[in-house]
Protein chains: 2
Amino acid sequence: MENDLKVWRAKRDVTQGELADEVGVSRQTINAIERGRYDPSLELAFELAAFFDCRIEDLFDYEAENE
Amino acid sequence: MENDLKVWRAKRDVTQGELADEVGVSRQTINAIERGRYDPSLELAFELAAFFDCRIEDLFDYEAENE
DNA sequence: ACACTTTGTAAAGTACACTTTACACATGAT
DNA sequence: ATCATGTGTAAAGTGTACTTTACAAAGTGT
């Protein structure tokens with residue numbers, strides 16, 4: 001699943017580490033999600049959407065890889 | 001995380017098994033989510049929202065248990 | 001040149017989101 | 001009474017979403 005976390009993060013000018021603290025996960029987790037290594041849990045997706053004040057659907061783009 | 005899957009399912013008049021087939025998981029998975037045993041993956045949440053033609057935020061209610 | 005911040009990555013471990021198979025129970029139809 | 005359908009639950013297994021610790025590399029400031 002694709003995402004623009006890096007862009008949203010840039011808009012708010014926060015580092016991976018700061019975002020991680022804000023949403024309650026490790027920096028490595030934010031990094032892994034940004035780099036597409038895995039998708040966040042639904043809970044983390046909610047936290048991220050809350051932080052960026054947007055909808056989950058705005059952050060994550062399902063559809064693409066429906067194999 | 002709370003959800004009204006059972007209600008949405010009732011509105012569309014589909015069984016757990018039918019819904020499971022539609023979104024590509026096992027019946028037990030739908031049952032477990034409905035009964036609150038665990039939360040769906042983000043991917044499954046997207047599938048469910050697509051099936052019910054609503055937003056993920058309409059199906060799942062984060063907030064409640066923010067300990 | 002040295003320190004500091006940010007990002008990428010790795011390894012080993014834990015927890016949970018799934019699977020399959022299987023069985024019990026309730027309801028409704030024949 | 002039997003059969004089919006829908007739901008709840010259990011056990012054992014797999015993959016992945018996380019963790020912590022740790023190190024390498026690039027960029028920026030002094």
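Just so it is clear: chains get the letters A, B, ... in the order the sequence lines come, proteins before strands, and each one is counted from 1.
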Footprint string (nucleotides 12-19 of chain C, 5' to 3'): B base within contact, S backbone only, - free, heavy atoms under 4.0 Å: -----SBB
Residue mapping more 5' on DNA chain D - nearest nucleotide basis, Ala32(B) or Glu18(B): Glu18(B)
Side-chain heavy atoms of Tyr62(A) within contact of Leu42(B), under 4.5 Å: no
Worked verdict on Phe52(A) versus Asp58(A) for side-chain contact (heavy atoms from CB on, under 4.5 Å): CA-CA 10 Å; Phe52(A) 288 117; Asp58(A) 294 329; over 6 Å; no
Rounded (10°) bend between the five-pair end axes of the helix from dA1(C)-dT30(D) to dT30(C)-dA1(D): 30°
Sole candidate of Ile33(A), Leu44(A), Leu19(A) that passes side chain to side chain contact (heavy atoms under 4.5 Å, CB included) when paired with Val25(A): Leu44(A)
Closest non-hydrogen atom pair between Asp13(A) and Glu18(A), with its separation: O-OE1, 4.1 Å
Non-hydrogen atoms of Ile30(A) and Gln16(A) that approach each other most closely: CG1-O, 4.0 Å
Least distance between heavy atoms, Glu34(B) atom then Leu5(B) atom: CG-CB, 3.6 Å
Phe60(B) and Leu48(B), any side-chain heavy atoms less than 4.5 Å apart: yes
Non-hydrogen atoms of Ala49(B) and Arg55(B) that approach each other most closely: CB-C, 3.9 Å
Nucleotide dG8(C), atom P - distance to CG of Leu5(A) in whole Å: 12 Å
Heavy-atom pair with the smallest gap, counting every atom of Phe51(B) and Arg12(B): O-NH1, 3.4 Å
Contact interval (first through last nucleotide) of DNA chain D with protein chain A, 4.0 Å heavy-atom: dA17(D) to dA22(D)
Co-membership, hydrophobic cluster, residues Tyr38(A) and Leu59(A), 4.5 Å side-chain: yes
